[in-house]
> 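This is the structure, below, for whatever I ask next.
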Protein chains: 2
Amino acid sequence: MEYLKEYLINEGIHPSYQRLRIFEYLDRGEFHPTVDMIYNELAKEIPTLSKTTIYNTLNLFKKNGIVTRLTIEANEVRYDTNMQLHAHFKCDDCGMVYDIQVEIPYLTSLTVDGHRICERHLYLKGTCKNCLKETR
Amino acid sequence: MEYLKEYLINEGIHPSYQRLRIFEYLDRGEFHPTVDMIYNELAKEIPTLSKTTIYNTLNLFKKNGIVTRLTIEANEVRYDTNMQLHAHFKCDDCGMVYDIQVEIPYLTSLTVDGHRICERHLYLKGTCKNCLKETR
DNA sequence: ATCATTGCAAACACTTTGCATACGC
DNA sequence: GCGTATGCAAAGTGTTTGCAATGAT
């Protein structure tokens, strides 16, 4: 946990207990949780935790560029600590969101049609391989 | 307007006056309006129009596959009648959303990592060419 | 002692639901 | 006349804001 603390400090974020726990939770692999997921999970161990703090914290993380907001779905925002360029696949059946490694030179382009690009999101939707198995 | 009527009927949608007007408004080029934009514009000419009707109508259009929901931004849903595969660029300065014609073979692939893809969205963000001009 | 963070409660914004009215065939 | 579409009001959701209490140095 010590290295996470240093990471936050490096990014200009005072590493309070709540912030550390929220970042640690986000940073556990390909997870992309929603605010509710974070709250429900962490509130078990931090009973005083409030959703306001989670919103504050995620907005701070976003502002400082250490998380990305995923808007695959109109009604659910997910958060990702993996800042490298990659795509996301969401399964319409089970709701799982997968990281997809893409190799699209085009995506890394700095401009398109004269517009300057500074953020890219490739979202795919369908049925994931696990759900495909079950319906087979 | 007659051909729009026939189009809706073909897609299994009863072409009421409100539905026609909403679809016609959506279908005016690269526009991608939000519910509010549709409402504000059409309410001028259809004073009794309610937002509920717009929500009902857009959900119906979505269900019948004649519009796509764009979720470039967490807090704003936009609607698009262009069902062909293309990307969207949103300008952080002026808020304008542009259609981008892309040629990425990968994007048309039917599967990735064993998952079956049935919907694709490529969202780009940055500063559009018009806003770049002004700050120059 | 001071300044920043937390978290409650209230406010806000967006979308859906329930239902009575109005419309079109 | 009947079945559907409309639109008001209310409910439901997700997020932000105001502010007092708390915590860290």
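Sequence lines set the chain letters: A, B, ... in the order given, protein chains first and strands last, and positions in each chain run from 1. Hydrogens, waters and symmetry mates play no part in the numbers below; they use all other heavy atoms, side chains included. Note that the structure is a prediction, hence the values are computed from the model and not measured.
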> So, B/Arg120 and A/Tyr123: side-chain donor and acceptor under 3.5 Å apart, yes or no?
no
> Send over the distance from A/Lys51 NZ to C/dA11 P, rounded to a whole Å.
20 Å
> For a quick check, tell me whether the side chain of A/Thr52 and the base of C/dC8 share a donor-acceptor pair closer than 3.5 Å.
yes
> Between the main-chain N or O of B/Asp36 and the side-chain N or O of B/Asn40, is there a donor-acceptor pair closer than 3.5 Å?
yes
> Counting only heavy atoms not in A/Tyr17, do more than 12 sit closer than 6.0 Å to its OH atom?
yes
> Test ring-ring contact (aromatic ring centres under 6.0 Å, His included) on A/His115 and B/Tyr98 and set out the steps.
CA-CA 10 Å; A/His115 313 308; B/Tyr98 297 84; 4.3 Å; yes
> First contact, last contact: which nucleotides of DNA chain D are these for chain A, 5' to 3', heavy-atom distance under 4.0 Å?
D/dG14 to D/dT17
> Indicate whether the side chain of A/Asp80 and that of A/Thr68 have a donor and an acceptor atom separated by less than 3.5 Å.
no
> Starting at the 5' end of DNA chain C, which residue's closest nucleotide do you reach first, B/His14 or B/Asn59?
B/Asn59
> Using whole Å, what does the distance between atom C1' of nucleotide C/dC14 and atom CG of B/Leu58 come to?
13 Å
> Need the bend value for the helix from C/dA1-D/dT25 to C/dC25-D/dG1: angle between end axes, 5 pairs each end, nearest 10°.
20°
> Below the 4.0 Å mark, does C/dT16 have OP1 or OP2 next to a side-chain nitrogen or oxygen of B/Tyr55?
no
> Without decimals, in angstroms, what is the distance between B/Leu49 CG and C/dA22 P?
17 Å
> Please tell me which of the listed nucleotides, C/dC14, C/dT6, C/dT17, lies nearest to the side chain of B/Asp36?
C/dC14
> Taking the basic N atoms (NZ, or NE/NH1/NH2) and the acidic carboxylate oxygens, is any pair closer than 4.0 Å for A/Arg78 and A/Glu73?
no
> How many whole angstroms separate atom CG of A/Asn75 from atom P of C/dT17?
12 Å
> Quick one: A/Leu20 CG to C/dT6 P, roughly how many Å, whole number?
10 Å
> In whole Å, what is the span from the CD atom of B/Gln18 to the C1' atom of C/dA22?
11 Å
> When you compare the side chains of A/Asn82 and A/His32, does any donor N or O come within less than 3.5 Å of an acceptor on the partner?
no
> Whole angstroms only, please: what is the CZ-P distance between A/Arg19 and C/dA4?
11 Å
> How many whole angstroms separate atom CD1 of B/Ile54 from atom P of C/dC14?
13 Å
> Got a salt bridge between B/Glu76 and B/Lys90, using NZ or NE/NH1/NH2 to carboxylate O under 4.0 Å?
yes
> I'd like to know whether A/Phe31 forms a ring-ring contact (aromatic ring centres under 6.0 Å, His included) with A/Tyr79, so could you lay out the CA-CA distance, the side-chain angles of the two residues, the decisive distance to 0.1 Å, and finally the verdict.
CA-CA 8 Å; A/Phe31 199 25; A/Tyr79 289 84; over 10 Å; no
